[in-house]
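These values consider heavy atoms only, across backbone and side chains, with no hydrogens, waters or symmetry-generated copies. To find a chain, count down the sequence lines: A is the first, B the second, and so on, and within it residues start at 1.
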Amino acid sequence: MSSNVRVRFAPSPTGYLHIGGARTALFNWLFARYNKGVFLLRIEDTDQQRSTEEATQAILDSMKWLGLDWDEGPYFQSQRLAIYKQYAEKLIEQGKAFYDTDAEGRKAIRFKMQDGITEINDLIHGTITFDASLIEDFVILKADGFPTYNFACVVDDADMGITHIIRGDDHISNTPKQIALYKAFGFKMPEFAHIPMILGEDGSRLSKRHGATSVTEYRDRGYLPHALVNFLALLGWSPGNDQEIISITEMIEKFTLKRVNKTSAQFNNIKLDWMNGQYIKSTPVEQLTIDTKRFFEKSGIDMTNIPQAWLTNLVMLYHERFKTFQDLLDQTRFLFTDAIEYDRAAVDKFLKKEGVVELLKEVYSAISLVDNFDKKNMEDSLRALTVKIDVSFSRLAQPLRVSITGKSVSAGIFETMELLGKEKALKRLGYTIQNLCEISETIKL
RNA sequence: GCCCCCAUCGUCUAGUGGCCCAGGAUGCCAGGUUCUCAGCCUGGAGACAGGGGUUCAAAUCCCCUUGGGGGUACCA
């Protein structure tokens, strides 16, 4: 059974798909899917100066990446100019609009606002009232023949049979103008639902200075689309229980406008990271391996000679340890290059110490004797060494970790060495020992 | 300036007059597991913006103040 619910997402192609726009699209999409209605996409490219084709493409790509498929469209307002002109002229004929010339001599059509009280019956906010006499006679058709936002929006929503207008609450103040237009045309009034906006982490309007604000940026930083969708869904909506991780299917089953709140929400990257980590953990290794390969390649890592099994091992080893693919790359970069960077603090703390050179020499000779260079043999060998020279394991592990990874933090040392391979592990150890010996005071590491 | 919206832990939220001296998540702190870190487990600190009402009873209803956000374009 399909309902007659028809909703739309109507972005203007003046930039990438914004996080706030994505959430608006998501809510419309969820509403349509819950109601077995139609979700359509309309590109509002009526600003000839600012609209670009690249932006349109980026928006479409982001929608697809998020999994927000549309049933109709995309429609382009720039291709419907004749329709708007016709409707504007109709208003002129009825005396509800008039031609107006501004100081620069540009001739446009303005809509004549009638005085009175306008009521919006908002599905989220309840009744909102405006005094229409405070609203000026606004332009509906610009000098260049293009419609303005409020006009094109109403004509299209009516023409496309939109039943529910779900959009950001920054549009609340546009609504009385649009309602006046609906009435002037005698169009059937849709339902309005103004959802709260998403603010930056400091509570101000989300903008470039807050860092990543577009879906594209999150994709490029190695986030999973479902994690982003999950996170966005919980900004302003909740399933009504304590559930945090919620599948798309469940969202569709539970999505109602009644459970959308009125309060604007601040974006929180920390929680998004946590959520992405949760999704990473529940994604099968096989899939993650594919994603990892693709991400690393795009990041400029040469993956041509990397064996599939090796990469799978890497992903398994880090499965519980990384939150985004960028994070994984940062953590494992030392495996892909010989030009590793040594962390200053780690070197000072674990390498520039009494007896470390001797210790590392022992380690060097011990592991050079390990034939089958796997974590099991490595562990047997090094555990035996700690007993032989009577040191705690952590006293051995940390200097070793720093000399082969450059950092004091890594995955398990045996597994890490196995991934690195005997040749490289010994090379790095040798390099460290040599440098520590050569300069006792000014170590160049 | 004028108009409109909003107001629960730092953040996201549950809560729709008694079940709330307010629950969950994240982040933070402490302990445990441990070769480091992460993860995982256990515990902890942390909020109803303020002031008036209404009511036997208010986080929940009303008013004011304050704070935040939005609009006020031939942008969308």
Side-chain angles (χ1 to χ4, degrees), chain A residues 10-14 21 44-51 77 100-102 104 106-110 120 122 124-126 128-131 134-136 138-153 167-177 194 196-199 201 203-205 231 234-245 258-259 261-275 277-278 281 318-323 327 331 346 350 379 382-383 386 392-398 400-402 405 407-416:
Chain A
S12 84
T14 53
E44 309 217 319
D45 52 351
T46 54
D47 184 334
Q48 292 194 80
Q49 264 68 51
R50 299 196 304 145
S51 298
Q77 292 188 324
D100 179 54
T101 306
D102 70 4
E104 295 162 47
R106 293 177 301 173
K107 194 177 183 187
I109 297 179
R110 280 182 189 275
I120 307 173
D122 193 275
I124 291 166
H125 294 268
I128 302 170
T129 57
F130 283 89
D131 181 352
L134 262 24
I135 302 169
E136 62 166 8
F138 58 96
V139 170
I140 56 176
L141 208 65
K142 300 184 261 187
D144 62 4
F146 277 63
T148 56
Y149 163 71
N150 284 122
F151 187 63
C153 181
R167 73 215 325 184
D169 66 17
D170 49 333
H171 285 291
I172 287 179
S173 42
N174 284 318
T175 311
K177 292 180 186 172
H194 288 96
M197 297 186 67
I198 296 178
L199 272 23
E201 298 205 284
S204 68
R205 193 191 184 106
F231 180 77
L234 260 26
L235 246 33
W237 174 79
S238 94
N241 53 25
D242 291 339
Q243 198 174 3
E244 298 284 336
I245 304 298
K258 271 196 79 168
R259 296 213 57 82
N261 58 224
K262 308 174 192 175
T263 334
S264 52
Q266 289 183 216
F267 198 86
N268 185 223
N269 282 289
I270 302 283
K271 188 162 182 178
L272 205 213
D273 283 351
W274 165 79
M275 190 166 279
Q278 296 297 307
K281 276 191 280 185
Y318 282 85
H319 201 177
E320 315 253 290
R321 315 175 66 95
F322 73 102
K323 293 193 162 109
D327 177 25
Q331 287 194 57
F350 297 108
E379 175 151 19
L382 291 179
R383 294 274 183 203
T386 58
S392 70
F393 189 76
S394 69
R395 265 207 66 201
L396 179 152
Q398 282 307 84
L400 175 57
R401 191 189 315 280
V402 175
T405 70
K407 298 174 292 187
S408 57
V409 172
S410 79
I413 192 67
F414 310 119
E415 291 86 347
T416 299

Query raised in the report: Distance check: side-chain N/O of Ser238(A) vs OP1/OP2 of U13(B), anything under 4.0 Å?
Result: no
Query raised in the report: Does A73(B) pair with anything, Watson-Crick or G-U wobble, both distances under 3.5 Å, and if so, with which nucleotide?
Result: none
Requested in this report: Mind checking the CE-CZ spacing from Met197(A) to Arg205(A)? Nearest 0.5 Å is all I need.
Outcome: 4.0 Å
Query - Nearest-Å distance for atom pair CD/C1', residues Glu244(A) and A25(B) - result: 4 Å
Requested in this report: For the side chain of Ser12(A), starting at C-beta, report the closest nucleotide among C4(B), U8(B), A76(B).
Outcome: A76(B)
Query - Complementary nucleotide for A57(B) - Watson-Crick or wobble, under 3.5 Å - result: none
Requested in this report: Using only side-chain N and O atoms of Lys142(A), determine if any of them is under 4.0 Å from OP1 or OP2 of A73(B).
Outcome: no
Report summary line: Taken to the nearest 0.5 Å, the spacing of Asn174(A) CG from Phe138(A) CZ works out to 9.0 Å
Requested in this report: Whole angstrom is fine here: how far is it from CD1 in Ile198(A) over to P in G69(B)?
Outcome: 16 Å
Query raised in the report: Could one point to a donor on the side chain of Asn174(A) or the base of A76(B) with an acceptor on the other under 3.5 Å away?
Result: yes
Query raised in the report: Of the nucleotides A76(B), A14(B), G70(B), which one has an atom closest to the side chain of Ser173(A)?
Result: G70(B)
Query raised in the report: If you take all heavy atoms of Ser410(A) and Thr405(A), which pair is closest and at what distance?
Result: CB-CG2, 4.2 Å
Requested in this report: Using only side-chain N and O atoms of Gln398(A), determine if any of them is under 4.0 Å from OP1 or OP2 of U34(B).
Outcome: no
Report summary line: Rounded to whole Å, the CD1-C1' distance (Ile245(A) to C12(B)) equals 13 Å
Query raised in the report: Can a side chain N or O of Arg205(A) be found less than 4.0 Å away from OP1 or OP2 on G71(B)?
Result: yes
Query raised in the report: Aromatic rings Phe231(A) and Phe267(A): how do their planes relate, parallel, tilted or perpendicular, breaks at 30° and 60°?
Result: perpendicular
Requested in this report: Give a yes/no answer on whether the side chain of Arg383(A) brings an N or O atom under 4.0 Å of OP1 or OP2 in C35(B).
Outcome: yes
Query raised in the report: Are Arg110(A) and A73(B) close enough that a side-chain N or O sits under 4.0 Å from OP1 or OP2?
Result: no
Query raised in the report: Could you give the distance from CE (Met275(A)) to CG (Asn268(A)), rounded to the nearest 0.5 Å?
Result: 10.5 Å
**Report entry** Under-4.0 Å side-chain N/O to phosphate OP1/OP2 contact, Lys271(A) with U11(B)
**Finding:** no
Query - Any strand: nucleotide that pairs with C28(B) via Watson-Crick or wobble, under 3.5 Å - result: G44(B)
Query raised in the report: When you check the phosphate oxygens OP1 and OP2 of A76(B), does a side-chain N or O of Thr46(A) lie under 4.0 Å from one of them?
Result: yes
Query raised in the report: Which whole number of Å gives the distance between the P atom of A49(B) and that of A22(B)?
Result: 15 Å
Query raised in the report: Looking only at side-chain N and O atoms, does His125(A) come under 4.0 Å of OP1 or OP2 in C6(B)?
Result: yes
Query raised in the report: How far, in whole Å, is C5(B) from C9(B) if one measures between their C1' atoms?
Result: 24 Å
Report task. Nearest whole angstrom, please: distance from the C1' of C28(B) to the CH2 of Trp274(A). Result -> 16 Å
Query raised in the report: Over how many whole Å does the gap from Leu235(A) atom CG to U26(B) atom C1' extend?
Result: 12 Å
Query raised in the report: To the nearest angstrom, how far is Asp169(A) atom CG from C3(B) atom P?
Result: 19 Å
Query raised in the report: Taking NZ from Lys407(A) and P from A38(B), how many angstroms apart are they, rounded to a whole number?
Result: 14 Å
Report summary line: Asn268(A) CG to A25(B) P, in whole Å, measures 16 Å
Query - Residue Glu320(A), side-chain atoms from C-beta onward, closest of U11(B), C4(B), G39(B) - result: G39(B)
